[in-house]
Amino acid sequence: MTVPHHALEITLTRPLSASALRRAARELPLAANHNATRLMTLVAAKTPHQAARRLRHRLGTRLPIDVLTTHYPDTDGQILLNVAFPPARHAAIRHCARQAGQSPELFLKQALDDALARHASNEADRLDRALGELLAHTTSAHLLAAVGRTLSHHPGGPRP
């Protein structure tokens, strides 16, 4: 039986030196971004959870790992987010989860889902207000043309 490989992204708390990256890469093949704060690797495991556990076990003492995520979504469109909390924070999460009658994992998932939904709603409201302000001073056709020009010159994500 073939064990699947899972692509994991490692977010580090600080950039790695070239020598630290070489030492870690002897343990597991790694690909780094331009400033060595994000790494990619493949880990053989039956599940993404096992892959993240294995990665933390193998590299957790060698790298300042902040967050691990699966690089590709699962069949439900979800990615695994693996965060190692300090003991006091972990205890507080367990306490809050117990009060809510949930597991710590479900509690955090719900809190994250709620925060993302709030962010999406706030962003939609902000955009609606901004467009309302723009439309108060121009026509829909002019605004749409300006949006098209801007997007063709600046494709991709938000700009600072």
Side-chain angles (χ1 to χ4, degrees), residues 4-16 21 24 30-43 45 47-56 59-60 63-160:
H5 284 74
H6 300 276
L8 297 177
E9 183 170 346
I10 306 164
T11 304
L12 303 173
T13 56
R14 66 182 189 291
L16 285 182
L21 181 58
L30 298 168
N33 70 337
H34 70 285
N35 65 358
T37 57
R38 294 171 62 192
L39 309 172
M40 290 292 300
T41 191
L42 292 173
V43 178
T47 68
H49 292 278
Q50 287 177 344
R53 247 190 324 273
R54 281 190 183 154
L55 181 59
R56 277 206 188 270
L59 295 178
L63 297 176
I65 296 174
D66 191 23
V67 177
L68 298 175
T69 59
T70 49
H71 189 65
Y72 298 106
D74 63 14
T75 55
D76 296 324
Q78 302 291 309
I79 62 163
L80 172 71
L81 178 67
N82 179 291
V83 181
F85 292 106
R89 179 69 45 91
H90 197 260
I93 291 168
R94 281 194 316 269
H95 174 75
C96 291
R98 259 194 318 273
Q99 285 184 326
Q102 298 174 326
S103 69
E105 293 81 10
L106 182 60
F107 178 78
L108 283 175
K109 182 185 182 318
Q110 186 64 50
L112 186 58
D113 287 348
D114 292 349
L116 290 171
R118 269 192 314 278
H119 174 74
S121 177
N122 291 343
E123 182 68 1
D125 291 346
R126 183 187 69 77
L127 289 171
D128 287 346
R129 286 190 306 276
L131 285 173
E133 287 289 319
L134 290 170
L135 285 170
H137 303 288
T138 191
T139 66
S140 298
H142 286 132
L143 179 59
L144 189 56
V147 168
R149 281 191 308 275
T150 301
L151 290 176
S152 68
H153 289 96
H154 303 285
R159 297 176 305 172

For the backbone of Arg38 and the side chain of Asn33, can you confirm whether one donor and one acceptor N or O come within less than 3.5 Å of each other? yes
If you look only at distance, which donor and acceptor atoms sit under 3.5 Å apart when one is on a side chain in residues 70-78 and the other is two or more places apart or in another chain?
{"unit_1": "Thr70", "atom_1": "OG1", "unit_2": "Leu80", "atom_2": "N", "d": "2.8"}
{"unit_1": "Asp74", "atom_1": "OD1", "unit_2": "Asp76", "atom_2": "N", "d": "2.9"}
{"unit_1": "Asp74", "atom_1": "OD1", "unit_2": "Gly77", "atom_2": "N", "d": "3.1"}
{"unit_1": "Asp74", "atom_1": "OD1", "unit_2": "Gln78", "atom_2": "N", "d": "2.9"}

List the steps and the verdict of side-chain contact (heavy atoms from CB on, under 4.5 Å) for Leu55 and Asn82. CA-CA 11 Å; Leu55 181 59; Asn82 179 291; over 6 Å; no
Rounded to the nearest 0.5 Å, what's the gap from CD on Gln110 to OG on Ser103? Could you check? 11.0 Å
Side-chain heavy-atom pair Pro48, Ile79 within 4.5 angstrom cut-off: no
With rounding to the nearest 0.5 angstrom, report the CZ to OG1 distance, Arg54 to Thr47. 8.5 Å
Validation row: Leu39, Leu21 side chains within 4.5 angstrom (heavy atoms): yes
I'd like to know if Arg118 pairs up with Asp114 as an ion pair, taking the criterion as any Lys NZ or Arg NE/NH1/NH2 lying under 4.0 Å from an Asp or Glu carboxylate oxygen. no
Rounded to the nearest 0.5 Å, how far does NE2 of His137 lie from NE2 of His142? 15.5 Å
Closest heavy-atom contact between Gln102 and Phe107? OE1-CA, 3.3 Å
Interatomic distance, OG1@Thr11 vs CG@Leu68, rounded to 0.5 Å, equals 8.0 Å
Heavy atoms of Ala45 and His6 approach each other most closely as O-NE2, 3.0 Å
Interatomic distance, Glu123 atom CD to Asp128 atom CG [nearest 0.5 angstrom]: 10.0 Å
Going by atom types only, do His49 and Arg53 share a side-chain donor-acceptor pair under 3.5 Å? no
Report yes if the side chains of Thr69 and Leu8 come closer than 4.5 Å at any heavy-atom pair, otherwise no. no
Beyond-backbone contact of Val83 with Leu108, side-chain heavy atoms, under 4.5 angstrom: no
Could you grab the distance from atom CG of Leu30 to atom CG of Leu42, nearest 0.5 Å is fine? 10.0 Å
Regarding His95 and Gln99, is there a side-chain donor-to-acceptor distance under 3.5 Å anywhere? yes
What one should report as the nearest heavy-atom pair of Ile93 and Pro104 is CG2-CB, 4.2 Å
Ser121 side-chain N/O to Ala117 backbone N/O, donor-acceptor pair under 3.5 Å: no
Of the non-hydrogen atoms in Pro64 and Leu16, which two are nearest, and what is the gap between them? CD-CD2, 3.8 Å
